[in-house]
Protein chains: 4
Amino acid sequence: MINVGVIGVSGYTGFELIRLLLNHPEFKINYLAASSKGKIDEIFSSLRGVLDFEVSIADVREAAQKCELVFLALPHQEAMRYASELLELGVKVVDLSADYRLNKELYEKNYCPHLDDKNLAHAVYGLLPINRDKVKNAKLVANPGCYPTASLLAITPFLPYIDTNLGVMIDAKSGVSGAGKKPSATSHFVSVNENLNAYNPLIHRHADEIKMHLENFCQKSMSTVFVPHLVPLTRGMLVSVYAKLNKEIKPLEILREFYKNEEFIRIKTSPVSVKDVAGTHFCDIFAVVWEDKIFINSAIDNLLKGASSQALANANLMFGFDENLAMPKISQFC
Amino acid sequence: MINVGVIGVSGYTGFELIRLLLNHPEFKINYLAASSKGKIDEIFSSLRGVLDFEVSIADVREAAQKCELVFLALPHQEAMRYASELLELGVKVVDLSADYRLNKELYEKNYCPHLDDKNLAHAVYGLLPINRDKVKNAKLVANPGCYPTASLLAITPFLPYIDTNLGVMIDAKSGVSGAGKKPSATSHFVSVNENLNAYNPLIHRHADEIKMHLENFCQKSMSTVFVPHLVPLTRGMLVSVYAKLNKEIKPLEILREFYKNEEFIRIKTSPVSVKDVAGTHFCDIFAVVWEDKIFINSAIDNLLKGASSQALANANLMFGFDENLAMPKISQFC
Amino acid sequence: MINVGVIGVSGYTGFELIRLLLNHPEFKINYLAASSKGKIDEIFSSLRGVLDFEVSIADVREAAQKCELVFLALPHQEAMRYASELLELGVKVVDLSADYRLNKELYEKNYCPHLDDKNLAHAVYGLLPINRDKVKNAKLVANPGCYPTASLLAITPFLPYIDTNLGVMIDAKSGVSGAGKKPSATSHFVSVNENLNAYNPLIHRHADEIKMHLENFCQKSMSTVFVPHLVPLTRGMLVSVYAKLNKEIKPLEILREFYKNEEFIRIKTSPVSVKDVAGTHFCDIFAVVWEDKIFINSAIDNLLKGASSQALANANLMFGFDENLAMPKISQFC
Amino acid sequence: MINVGVIGVSGYTGFELIRLLLNHPEFKINYLAASSKGKIDEIFSSLRGVLDFEVSIADVREAAQKCELVFLALPHQEAMRYASELLELGVKVVDLSADYRLNKELYEKNYCPHLDDKNLAHAVYGLLPINRDKVKNAKLVANPGCYPTASLLAITPFLPYIDTNLGVMIDAKSGVSGAGKKPSATSHFVSVNENLNAYNPLIHRHADEIKMHLENFCQKSMSTVFVPHLVPLTRGMLVSVYAKLNKEIKPLEILREFYKNEEFIRIKTSPVSVKDVAGTHFCDIFAVVWEDKIFINSAIDNLLKGASSQALANANLMFGFDENLAMPKISQFC
C-alpha cells in the first residue's frame with residue numbers, strides 16, 4: 001500500500017478524493033489536512049461510521065513524513081506554496097488547483113504572480129488519456145480544470161479538420177458544485193433554482209487554459225470562444241462545441257479511432273446526458289456534421305472526471321498502476 | 001369588451017392564456033374548448049375559486065357565434081383545420097401552433113402536408129415588436145415558436161454585421177414546460193432532475209423557422225446552426241448565439257437603438273437570467289464582442305413571451321389596443 | 001391614493017410587498033428604505049423597467065412625512081424600534097417581524113428583551129380572516145409568521161373537537177425562501193437540492209406563536225408539538241396536523257361552515273398541493289378522519305399568505321378597503 | 001461465486017440491484033429478465049461500457065437452471081407466480097414486491113386475491129437487522145416496503161414506551177423514484193418541481209404493512225396513522241413519527257442500546273438528513289422527547305435500504321455471508 005494524503009479536505013473535491021481513496025486497493029489515506037483541526041466526519045456528516053480520521057492543520061513536513069504522494073485540493077496561489085515544498089522533500093504531487101496548468105504569462109494574466117517557476121517548467125498537464133505518457137514519469141501533475149477537461153476531450157480529435165481561423169465556439173454548462181462550497185448570493189438555492197444564466201462570457205479563466213492546450217496539441221493558433229453557464233443541478237457538466245470544418249469527415253469514426261481502447265471514454269450515437277456520467281469517471285462524447293459545421297457534445301462529472309477521479313487516475317499512473325484502477329463506473333443516480 | 005375564446009385549453013399555453021385574459025380589461029373569455037367537456041377548474045385545480053367556466057368540445061360554429069377572436073392552442077395540423085373554418089366565418093385567429101409560421105415547402109419538410117394554402121399566403125408571422133405593423137391589419141397571426149422568438153429577437157439587430165457565410169450558431173436551453181404536458185419518459189421527474197442534454201441537434205423544427213425568418217429580415221442567405229438543450233427547470237428559456245462579425249461594432253449601442261421605445265425588451269450590460277423574465281412578457285438581451293466574434297444572449301419565459309403573452313399582444317394589436325395592454329411585468333419568483 | 005412605505009426592502013418579503021403594491025389601485029409606494037441607498041432595480045434586477053424608485057436609508061421622520069402606513073420587513077428587535085417611533089408620529093404600521101406577535105413572556109423566552117410594552121399591549125395579531133374585526137381599528141398589526149398562519153388556519157375550526165390533553169402534532173414543510181435571502185451553508189444549492197430534513201424540532205420559535213394563539217382562540221391549554229422541515233423548493237408551505245378527536249365529526253362540513261364566504265380559503269376534498277397556492281393569497285385546507293384521529297392539511301405561499309399578501313390584506317382593512325383588494329389569485333407556475 | 005438472477009430488471013430497483021451485484025465479491029449476475037428482450041445497456045444507457053449482458057424474457061426454468069437465487073423486482077401479483085415456481089425448483093427467492101409481506105387477510109384487503117398460501121405461510125419478512133435470525137434459514141424473503149423499513153426501524157426500539165391507545169402518527173416523505181419509472185401526470189417534472197403534497201392519507205397500502213409488523217413486534221394492538229408525502233427530489237425518504245410516551249425515557253440511549261453493533265444504523269444527535277444516506281445502505285435515526293411526547297426521525301435511501309440493498313443484505317444472510325458484504329457506504333452526492 002502506498003500512503004497518500006489530501007491537503008484541503010473540506011471542499012467538494014476533497015470529499016470526492018476521500019470517497020475514491022476509500023475504495024482504492026493500493027492507496028491508503030494517511031494524512032488529511034484543512035484549515036482547522038477536527039474529525040473528518042464532523043466536516044462531512046455522511047462519513048460518520050465510514051471513516052474515522054483526524055484532520056490536521058496543513059504541515060508540509062508532517063505530510064512528507066506520512067505520504068509518498070499528496071493531492072492538493074486548495075485554492076490557487078496557496079497550492080503552489082505547498083507543492084514546491086512537498087516536491088523539495090521528495091513527495092509526488094497532484095495539484096487540483098490552476099497553479100501549474102498554464103504558462104507563466106497566461107497564469108499571471110488570469111490569476112496572480114507565479115512564485116514557482118522551477119516546478120512550473122516541468123509540471124505535466126494531467127489530461128487523460130491524451131497526456132498519459134508524460135504523466136507516467138511526472139513528479140508534479142497539474143490536474144486540468146473541469147471545463148478544459150470536457151472541452152479538450154471533445155475538440156482534440158477534430159483539430160486537424162477544424163477551420164482555425166474561425167476556431168471553436170464552446171458553450172459550456174455546469175452544475176452548481178463547480179462553484180465551490182462557500183455560500184454566496186449566487187449559490188443560494190433560491191437564486192439557482194428555476195434559474196439559468198451565462199457568466200464571465202469570453203473572459204472566464206478556463207478560456208485561456210483551453211486555448212493554450214488546444215494550441216499545444218495542434219501547434220497552430222486557434223481562435224477560442226468560451227462561455228460557461230450555470231445550470232440548476234448539483235453535479236455534472238455538458239459542453240457543446242460549434243466549429244467550421246475544412247474538409248468532409250465522418251465524426252463518429254474519427255472519435256472511435258482516436259479513443260479506441262479507452263475504457264472511460266464512450267462514443268455515443270446521439271446527444272450525451274449528464275445523468276449517464278454523473279458519479280463516474282466516464283467522459284461521453286457525440287458529434288454530428290451539418291453542411292460545413294460540426295457540433296461536438298461531451299459530458300462529464302465535474303467533480304470526478306473534471307477533478308478528483310482524474311487526479312486519482314494521474315496518481316495511479318505516477319505509481320505504475322493501471323490508470324483506471326478504482327475508477328467509479330456506475331452512477332448512483334437512477 | 002371583446003369576446004374571445006381559446007380552443008385547446010388543457011395544455012400549458014392554454015392555461016397561461018386564461019390567466020392573462022382574466023387580467024385583461026378589454027378581452028372577455030367567452031368560449032373555452034378542449035377534447036373533453038368539463039369545468040375549467042377540474043382541469044386546472046389552481047383555478048378553483050378563480051374561474052367558474054364550462055369547457056366545451058371544440059365546435060367552430062359555436063366558437064364563431066361567441067367570439068370575435070379565437071386563440072388556437074392546438075397541435076400543428078389540427079390547428080389549420082380550425083383556423084380556416086374560423087376565418088371563413090369572419091373570426092380573427094391567433095394560432096399558437098406551427099401551422100402558419102413557415103412557407104409551404106419548409107412546413108411540409110418539417111411537419112406534414114399543408115392543407116390551407118389560401119390562408120398560409122396571407123398569415124402574418126407575429127414576432128413582436130419586429131412585425132408589429134403587419135400584425136395590425138392581420139386576420140390570421142402565426143404566433144412564433146418559443147425558440148424562434150428568443151433567437152430572432154437576439155440576432156435581428158445584428159444582421160447587417162454578421163458574416164453570413166459562417167452564419168449564426170444558436171445554443172438554446174429550455175425548461176421542461178416547453179415539451180408539453182403529456183407524460184413521457186423524457187419528462188419524468190427522475191429523468192429530468194439532475195440531468196442536462198441536447199436534443200434533436202441541427203434538425204429541430206425550429207431551426208428552419210429561425211433560418212427562414214432571419215433570411216426574410218436580411219434578404220440574404222444565412223447559415224443557421226441550432227441546437228436545443230433540455231434543462232431541469234419548469235419555465236424559462238435562454239439563448240446563446242455565436243457569430244463572426246464583418247466589422248467592428250458596439251453591440252449594446254446597436255441593441256439600444258434597435259429596441260429604443262420597446263417597453264418589454266430590456267438591454268442588459270451583463271449576461272441575462274431566466275429568473276428575471278420568468279412569469280413576464282419581457283425579453284432581456286445582452287451582447288459582447290471578442291475580437292471578431294460576437295456572443296448574443298437572450299432570455300424569455302417560454303410560455304409567455306415564447307407563446308401566450310406574445311399571442312395576447314398580437315391580439316391587442318389586431319383590435320387596435322396598445323400592444324402591451326395587460327402584459328405581465330413582474331415575475332412571481334423571488 | 002394612500003401613500004405607503006416599506007422599510008427593509010431588500011429581502012424576499014420586501015420584494016413581494018413591492019410587487020403587490022404595484023398592482024394595488026389604492027395604495028401608492030411613496031417610500032422604500034433599506035440598510036443601504038440605491039435604485040430598487042439594482043437590488044432586484046427583475047424590477048428593471050418596472051419600477052424606477054430610489055431606496056433610502058431608513059429614516060423614521062422621512063417615512064412619517066411621506067406615508068400614512070409603513071410595512072416593516074425587518075429582523076425582529078429592529079422592527080420594534082421603528083414601530084414605536086412611527087406610531088408616535090401617527091403612522092399606521094404592519095410589522096412582518098415577530099416583535100408584536102407574542103406576549104412579553106413568550107417573546108423574551110424565544111427572542112430577546114422587549115422594549116416596547118406600550119404598543120405590545122394593543123397590537124393586533126393580524127391572522128386573517130380570524131381576527132378580521134380587530135384589525136379594522138388597529139394602528140399596529142403584528143403580521144403572523146408563515147408556519148403559524150398555515151397551522152392556525154388549519155387547526156382553529158377543529159378546536160372544539162380536539163382532545164386538548166393529547167393536543168396537536170404539527171409536521172410542517174417549507175420551501176427555502178422561508179429561511180431568508182442571506183447566504184449560508186444551509187441555503188447553498190448543493191446542500192438543499194436532493195436533500196430533506198427536519199430542523200429545530202419542538203423548539204422552533206413559531207411553536208410558541210402557534211400554541212399561544214390556539215390557546216387564545218379556544219381559551220384552554222393545548223399541548224402543541226411542532227416540527228418544521230426544509231424541502232427543496234423555492235416557495236410554498238405545507239402543514240400536516242395530527243390530532244385525536246373527542247367526538248365524531250364530519251371534517252369537511254366543519255371547514256365549509258367555518259370558512260363560508262371566505263374567498264381566499266378553499267376547502268378541498270383531497271390533499272392540498274403547494275403548487276395550487278404558490279404565487280397567490282389562497283390557503284387551501286383539507287381534512288379527513290380515521291377512527292378517532294384527524295389529519296388536517298393546509299397549503300399556503302409562505303411569502304404571500306404567510307407574509308406579504310397577508311400584510312397587505314391587513315393594510316386594506318386598516319384603511320376600510322375590502323380585505324381582498326388586489327390579492328393575487330392565480331399562480332404563475334404551470 | 002454464487003450465480004444469481006434478477007427478474008424485472010427494467011425499473012429503478014432492478015437497476016440498483018445490478019449496480020450492487022456488480023460490486024459484490026460472491027454473487028455473480030447470471031440471469032436478467034424483463035418483459036422484452038434486449039441488451040441491458042439499451043435499457044440503461046449509463047451501463048454502456050459497464051455491463052454487457054443479454055436481458056431475456058422471464059422464464060422460470062431458465063432462471064432456475066442458471067441461478068441459486070433470484071431477486072424478483074416485479075409488480076405485486078406477478079411476483080407470487082414466479083416465486084412459487086422458483087421455490088418449487090429449489091431456487092431461493094428475495095421478493096421486492098408486496099406479495100409476501102402481509103398476512104392473507106391484510107394482503108387481500110390492500111392488493112388482490114392471494115394465490116400462494118403455501119409460501120406465504122413460511123415467507124420471512126426481511127426487515128434487517130430486526131429479523132436477521134429468521135432470514136438466515138429462509139428460502140423466501142419478503143423484502144419490506146420503503147416506508148415500512150424507515151418507519152419500523154424508527155419506531156420498534158420505542159415500542160415498550162409508546163402509549164398504544166394513542167399509537168403512532170407517521171408523517172413520511174419520499175422522493176419521486178419511489179413512485180416508479182412509468183410516466184404519469186403525477187411524475188411529470190412540471191407537476192413535481194416546486195410542488196409538495198400528501199397522497200393517499202391514512203389509506204396507503206404501506207399503513208397496514210407498518211401496523212401489522214409493529215403489532216407483531218410488540219404483541220399488542222397499535223393505533224397507526226400513516227400519511228405519505230411526495231417531495232421534489234429523486235431519491236431519499238424521511239420519516240417523522242409522533243407519539244405519546246407512557247414513561248420518562250432517554251431516547252438516544254434507547255436507540256444506542258437497541259442498535260449497538262449495527263454498522264449501518266447510525267444514531268444521530270440532531271435531525272437526520274436525506275443527503276447523508278442517499279446512495280447508501282445506512283438508516284440514520286434521531287429522537288427527542290418533549291414533555292410526554294416523542295419525535296422520532298429516520299432517513300433512508302428509498303431505493304437501497306428501502307429496496308435493493310436490503311434485498312441484497314437478505315441474500316447475503318441466506319447464503320451465510322456477512323449481512324453487510326458489499327453494502328454501499330458512501331453517498332456519491334456532495
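Just so we're on the same page: letters track the sequence lines, and every chain starts at 1. All heavy atoms count here, side chains included; hydrogens, waters and symmetry mates do not.
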| field | Residue, of D:G236, D:A299, D:P201, that accumulates the most heavy atom pairs under 4.5 Å with chain C | value | D:P201
| query | Residue by residue, which of residues 238-246 of chain D have a heavy atom closer than 4.5 Å to a heavy atom belonging to chain C? | reply | D:L238, D:S240, D:Y242, D:K244
| task | Would you please go through residues 152-171 of chain C and name the residues with a non-hydrogen atom below 4.5 Å from one of chain D, in numerical order? | result | C:N165, C:L166, C:M169, C:I170, C:D171
| Under 4.5 Å, heavy atom to heavy atom, which residues of residues 282-292 of chain D contact chain C? | D:F286, D:V288, D:V289, D:W290
| said: Tell me which of these, C:G175, C:P232, C:S223, has more heavy-atom pairs under 4.5 Å with chain D than the rest. | reply: C:P232
| field | Top contributor to chain C interface from D:L196, D:V274, D:N193 [non-hydrogen pairs under 4.5 Å] | value | D:L196
| Residue C:K250 excluded, over 12 heavy atoms near NZ under 6.0 Å | no
| query | Measuring heavy-atom distances to chain C, does D:V225 have an atom under 4.5 Å in its side chain, in its backbone, in both, or in neither? | reply | side chain
| request: Tabulate, in ascending numerical order, the residues of residues 202-219 of chain D having at least one heavy atom closer than 4.5 Å to a heavy atom of chain C, or enter 'none'. | output: D:L202, D:I203
| message | Keeping D:E194 on the side-chain end and C:K275 on the backbone end, is there a donor-acceptor pair under 3.5 Å? | response | no
| query | CD of D:E108: more than 12 outside heavy atoms within 6.0 angstrom? | reply | yes
| note | Ranking C:N200, C:N197, C:V231, C:V227 by heavy-atom pairs under 4.5 Å to chain D gives rank one to C:V227
| query | Checking C:S174 against chain D: side chain, backbone, both or neither under 4.5 Å from a heavy atom? | reply | neither
